[in-house]
Amino acid sequence: CLRMSSLGAFTLRSAVRANSALVASRVSPRICVPLRAATTLNDGANKTHDHSSHFKFERYFAAGMMPLIPAAYFIHGPVMDAALTIALTLHIHWGVQGVIADYARPFVIGDAAAKAARLGAYLISALLLGGLLHFNTNDVGITKAFEMVFSL
């Protein structure tokens with residue numbers, strides 16, 4: 001009989017605690033914190049944009065470049081030189097940007113160095129484009145240079 005009364009007191013006590021917790025939860029404001037936010041590092045990357053469409057476009061662009069390289073061996077001229085110059089510059093720029101986005105994050109190397117790295121990607125791409133355009137207009141051009149290299 002003593003055992004039943006202590007069990008009944010335990011059940012009554014836990015019911016009172018549950019009731020007071022329920023009342024407190026209704027009165028107190030709710031704090032909604034996503035579970036993932038507490039476990040994810042703030043790496044400084046922009047999380048508001050979905051980059052999957054850009055990634056798909058890069059893959060399709062790279063696949064579209066595959067016939068351009070062999071075609072440049074057979075078709076020579078300023079139009080093919082310009083197409084190859086633009087395609088190679090874009091492809092290399094996106095690759096350098098991807099490396100910088102992965103390895104030159106602000107929380108790893110600091111804000112100033114991350115900005116300098118992003119600026120460096122654009123500087124490298126501008127120099128590459130300028131150099132290739134200069135080579136196309138003032139020298140033999142990319143396609144003729146490919147032919148000269150492969151004829152060795």
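Ile142 is connected to Met148 through a chain of hydrophobic side-chain contacts under 4.5 Å among Ile, Leu, Val, Met, Phe, Trp and Tyr, so both are in one cluster. Connection of Phe74 to Val79 is not established within any shared hydrophobic cluster, with ILVMFWY side chains joined at heavy-atom distances below 4.5 Å, either directly or through further cluster members.
Expressed to the nearest 0.5 Å, how far CD1 of Ile124 lies from CD1 of Ile100 amounts to 6.5 Å. Separating the CD1 atom in Ile86 from the CG atom in Leu133 is a distance of 7.5 Å, to the nearest 0.5 Å. Here the straight-line distance linking atom NZ of Lys115 with atom CZ of Arg118 works out to 7.0 Å at 0.5 Å rounding. Here the straight-line distance linking atom CG of Leu90 with atom CD of Gln97 works out to 10.0 Å at 0.5 Å rounding. To the nearest 0.5 Å, the span separating OH on Tyr73 from NZ on Lys144 amounts to 10.0 Å. A distance of 5.0 Å separates OG1 of Thr89 from CG of Leu132, quoted to the nearest 0.5 Å.
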### Query
Yes or no on side-chain contact (heavy atoms from CB on, under 4.5 Å) for Asp139 and His134, after CA distance, side-chain angles and deciding distance?
CA-CA 8 Å; Asp139 207 341; His134 181 272; over 6 Å; no
### Message
One pair to check against side-chain contact (heavy atoms from CB on, under 4.5 Å): Tyr103 and Val108. What are the steps and the verdict?
### Response
CA-CA 8 Å; Tyr103 297 108; Val108 175; over 6 Å; no
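Classification of the Phe61-Trp94 ring pair by plane angle, with boundaries at 30° and 60°, yields perpendicular.
Shortest non-hydrogen contact noted between Leu68 and Ala83 is CD2-O, 4.1 Å. Closest non-hydrogen pair, Pro67 versus Pro70, comes out as O-CD, 3.4 Å. In plain terms, the two heavy atoms of Ala114 and Ala104 that are nearest each other are CB-O, 3.4 Å.
Aromatic ring centres of His93 and Tyr122 lie closer together than 6.0 Å.
At distances below 3.5 Å, not a single donor-acceptor pair connects side-chain atoms of Asn136 with backbone N or O atoms of Thr85. A distance-only check finds a donor-acceptor pair linking the side chain of Asp81 to the backbone of Thr143 [under 3.5 Å].
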